[in-house]
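Here the structure comes first, spelled out in structure tokens, and everything after it is commentary.
Residue numbers count from 1 along this sequence. From a predicted model like this one, the values you see are computed outputs, not experimental measurements.
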Amino acid sequence: MRCVHLDFHTSPLIEGIGEKFDKEKFVKTLKDANIDLMTVFAKCHHGYTYYPSKVSTMHPHLKFNLLKEQIEAIHEAGAKAPIYIPIGWSKKDADEHPEWHQINFLKRTPQVTGGLVISDDQDPEAPIKDCAWVTLCPIGSYSKHLEDITREVCENFDVSDGVFYDICFISDACACEDCRAGMVKMGLDPDNYEDAKKYYSLGRIELMKKLTGIVHEYSKDAPVFYNGGANMNRTEYHPYQTHFEMEDLPTAWGGYDLMPIRAKFFERYGKHFLGMTGKFHHAWGEFGGFKNKEALRYECADMLSVGASISVGDHLHPSGDIDESTYAVIGHAFDYVKKIEKYSENTRAYTDLGIWLSHTKHSDIGASKLLQCMHLEYDVIEPGDDLSKYKCIIIPDYVNFSEESKKALIDFADNGGQIIASYEGIFDELGIEKIEPSTADKDFISYEIDEFKTPFLSYSRAYKVKTDGKVLAKVYEPYFNRTYGHFCGHKNTPYKLEPAEYPALVKKGNVTYFAHPVFEAYDKSGNYVLERYISTVIESVYDKAIVTKELPSCARIRLRESKTEGFLALHVLYAPPVNRGNVCLLPDFPKLHDVSITIKTDKKITSAVSAPDGQDIPFTQVGDKLTLNLPPFRLHDLIILK
């Protein structure tokens, strides 16, 4: 439950590698910080190993088997020690083996990151950007090296705690000579992008099978994870992971609303899954960068609230001296986790609301963000799922339906279920016939909410539809699209004074349809009026299972049910994120007062107790409505409802 991913990407220009490693201090630090797993390095992105190697090269300034000493210390601390092996980035190998380079299919140049330029006239003293590496292609001759180093690690170390492979899926196609030859052999066209993407996936799946097979020769139940494979939209790689680690550094990418929808997706597989954040102020490899300890505690509680275990990224100093400041911060968060983690294990979301995934980033995340702002718990839905537990299903923007999915949704609506669909996420059999997208670049919506009585900007265009359903909102088109030849003012063209002939919002039976890609537009714009428009419509057709009072929109609610122990776990989190510099962070943790939460449930609640302090929480239950009045709290409140 309480893991640390200990990076150790260490330049050959630095001497004294590991000379300050103190096993006794290492053990004590892990114990004091309540760590029960730490991933340590066999090899790093610079291309050097941290043990004596026959198939690779040990770091030139390391004089002992650091990996062995680290594993022994971790085990002495009562923790597990998975071993890290990089796949995609290894500078020494990239320098010595240009034939191993992954070649960008479209540019036909080596795949590089961080603004790195490969050229003979590159000034070696010019400043280099972050995360600068040449990517290697593991499908061809380089794969033999990966197999060899995997076998060497397995022969020299106990891998029963697991192996973590990194940088496994950079880009989606490769045009190196090995890949081109392999495509020809398979009957694929090496100059066809779709064929190249197919070969890229097939090659990586074959590599995963080989490497996992080697690991399992030595330890048949060892966890094996390929980083980058916890991608909701690359499902072809998911069967070959023993577990999932969701790398979401909220201060570096995605913010604080990205991880929950990914957790709900990967929970579906029934495999162990971890959230991964960092101790850094910003991102990986930031020496001397520290996160507010309360922010890390919030992030850990957030992961627990979606049923995930926790991994915190760190980077060991080249000297091997474990950083006391870092583990004071991690220890603060993990002390809290240890007290409440049992209420997260073996639980599932308690909800009757679902998002039918479009696998389109902005649409799915936009829907997730909106429901989180509305304080609504939800599941994610995929084709073939049983829909009987849901009262309402949201279909965001871009979904193509099979005949089986259409039938399931028709039956769902016919049996009283509410469907809220948008843009392309509709089909004729639901009584709303799609015609074509409008030609407007950005149009306007007329729907009276609060004080907003005039048309408001949609940030998108509408889909033209035919229906005999009830029109609830109208489209107002712009006078013209904004072009070099036709524009008005600074931003977008004003609206015409007469509404368009096609609607913005329609209700037909149990189906409510937004003609715009409202969830994508909301994720991209964050517009308040658009948010009120969508949330008002949802509230008009969905009898909310959770109702809150005096809880700010950036608070988060998760309600989970134990599968075995007979309780509901109500998580309430509150810390308003702010942007400072290039970082989204949590600097303040104000106390909340007078919060009331009503939960719709048919379960008879016998007690409500806060964890971990055991304080009784007053509640009333009338029929299927349970109402709790929370005492003042800050950062995270966890109420166990037995």
Return the [atom1] to [atom2] distance between [X] and [Y], rounded to the nearest 0.5 Å.
| X | Y | atom1 | atom2 | value |
| --- | --- | --- | --- | --- |
| Tyr398 | Lys361 | OH | NZ | 14.5 Å |
| Met232 | His238 | CE | NE2 | 9.0 Å |
| Leu202 | Met186 | CG | CE | 5.5 Å |
| Leu370 | Ser535 | CG | OG | 6.0 Å |

Response to the item:
Of Ile355, Asp379, Leu357, the one forming a side chain to side chain contact (heavy atoms under 4.5 Å, CB included) with Phe265 is Leu357
Is there a donor-acceptor contact under 3.5 Å from the side chain of [X] to the main chain of [Y]?
| X | Y | value |
| --- | --- | --- |
| Thr242 | Val224 | yes |
| Asp443 | Ala462 | yes |
| Gln102 | Ile170 | yes |
| Lys198 | Leu188 | no |
| Arg461 | Ser438 | yes |
| Tyr298 | Leu586 | no |
| Ser405 | Pro383 | no |
| Thr467 | Gly431 | yes |

Is it true that, when you exclude [X] itself, more than 12 heavy atoms of the residues, nucleotides or ligands shown sit nearer than 6.0 Å to its [atom1]?
| X | atom1 | answer |
| --- | --- | --- |
| Asp428 | CG | yes |
| Lys466 | NZ | no |
| Lys549 | NZ | no |
| Asn233 | CG | yes |
| Lys470 | NZ | no |
| His272 | NE2 | yes |
| Lys464 | NZ | yes |
| Lys107 | NZ | no |

Do [X] and [Y] have side-chain N/O donor and acceptor atoms under 3.5 Å apart?
| X | Y | result |
| --- | --- | --- |
| His362 | Asp397 | no |
| Asp302 | Tyr256 | no |
| Glu531 | Tyr522 | yes |
| Asp364 | Ser358 | yes |
| Tyr495 | Ser446 | no |
| Tyr459 | Asn492 | no |
| Asn481 | Thr483 | no |

Hey, are [X] and [Y] close enough for a salt bridge, meaning a charged N less than 4.0 Å from a carboxylate O?
| X | Y | answer |
| --- | --- | --- |
| Lys197 | Glu194 | yes |
| Arg556 | Asp257 | yes |
| Glu424 | Lys434 | no |
| Glu236 | Arg234 | yes |
| Asp523 | Lys369 | yes |

Discussion item. Testing Arg558, Arg560, His571 one by one against Ser305 for a side chain to side chain donor-acceptor pair (under 3.5 Å), which residue passes?
Written reply: Arg558
Discussion item. Set out, in order, the CA-CA distance, both residues' side-chain angles and the distance that settles side chain to side chain donor-acceptor pair (under 3.5 Å) for Tyr200 and Ser171, then state yes or no.
Written reply: CA-CA 9 Å; Tyr200 180 98; Ser171 188; 5.8 Å; no
Fill in: Leu505/Thr512 under side-chain contact (heavy atoms from CB on, under 4.5 Å): CA gap, chis, key distance, verdict
CA-CA 7 Å; Leu505 178 67; Thr512 304; 3.9 Å; yes
Response to the item:
Those residues at least two apart in sequence (or on a different chain) that pass ring-ring contact (aromatic ring centres under 6.0 Å, His included) with Tyr240 are none
Fill in: Any residue meeting ring-ring contact (aromatic ring centres under 6.0 Å, His included) with Tyr479, in chain and number order, not counting sequence neighbours
none
Donor-acceptor list for residues 408-420 side chains, cut-off 3.5 Å, not counting sequence neighbours:
unit_1, atom_1, unit_2, atom_2, d
Asp411, OD2, Lys407, NZ, 2.9
Asn415, ND2, Asp411, O, 2.9
Gln418, NE2, Asn510, OD1, 3.3

Fill in: side chain to side chain donor-acceptor pair (under 3.5 Å) between Gln372 and Ser368, intermediate numbers included
CA-CA 6 Å; Gln372 290 182 82; Ser368 174; 3.2 Å; yes
Practice prompt. Determine the interplanar angle of the Phe266 and Tyr269 rings, folded into 0 to 90°, and report it as parallel if under 30°, tilted if 30 to 60°, perpendicular if over 60°.
Written response: parallel
Item to complete: Give the ring-plane orientation class for Phe519 versus Phe514, where under 30° counts as parallel, over 60° as perpendicular and anything between as tilted.
Response: perpendicular
Fill in: Residues Lys406, Glu403; criterion salt bridge (charged side-chain N to carboxylate O under 4.0 Å, His left out); working and verdict
CA-CA 5 Å; Lys406 288 181 180 180; Glu403 292 304 314; 3.6 Å; yes
Discussion item. Go through it in stages, so that I can follow the logic: the residues are Val475 and Ile445, the test is side-chain contact (heavy atoms from CB on, under 4.5 Å), and I'd like the CA-CA distance, side-chain angles, deciding distance and then a yes or no.
Written reply: CA-CA 5 Å; Val475 172; Ile445 300 168; 5.7 Å; no
Fill in: Verdict with supporting geometry, Phe401 and Phe427, ring-ring contact (aromatic ring centres under 6.0 Å, His included)
CA-CA 8 Å; Phe401 302 97; Phe427 50 91; 5.0 Å; yes
Practice prompt. I would like to know whether Tyr533 and Phe456 meet ring-ring contact (aromatic ring centres under 6.0 Å, His included); could you show each step before the answer?
Written response: CA-CA 10 Å; Tyr533 172 52; Phe456 57 87; 5.4 Å; yes
Discussion item. The test is side-chain contact (heavy atoms from CB on, under 4.5 Å); show your working for Ile395 and Ile426 and say whether it passes.
Written reply: CA-CA 8 Å; Ile395 305 172; Ile426 195 70; over 6 Å; no
Worksheet item: So Glu520 and Tyr423, side chain to side chain donor-acceptor pair (under 3.5 Å) or not? Walk me through it.
Response: CA-CA 10 Å; Glu520 177 184 58; Tyr423 203 54; over 6 Å; no
Discussion item. Using salt bridge (charged side-chain N to carboxylate O under 4.0 Å, His left out), reason through Glu451 and Lys453 one step at a time and then give a plain yes or no.
Written reply: CA-CA 6 Å; Glu451 64 270 32; Lys453 303 182 187 305; over 6 Å; no
Fill in: Minimum side-chain heavy-atom gap Glu382-His359 below 4.5 Å
yes
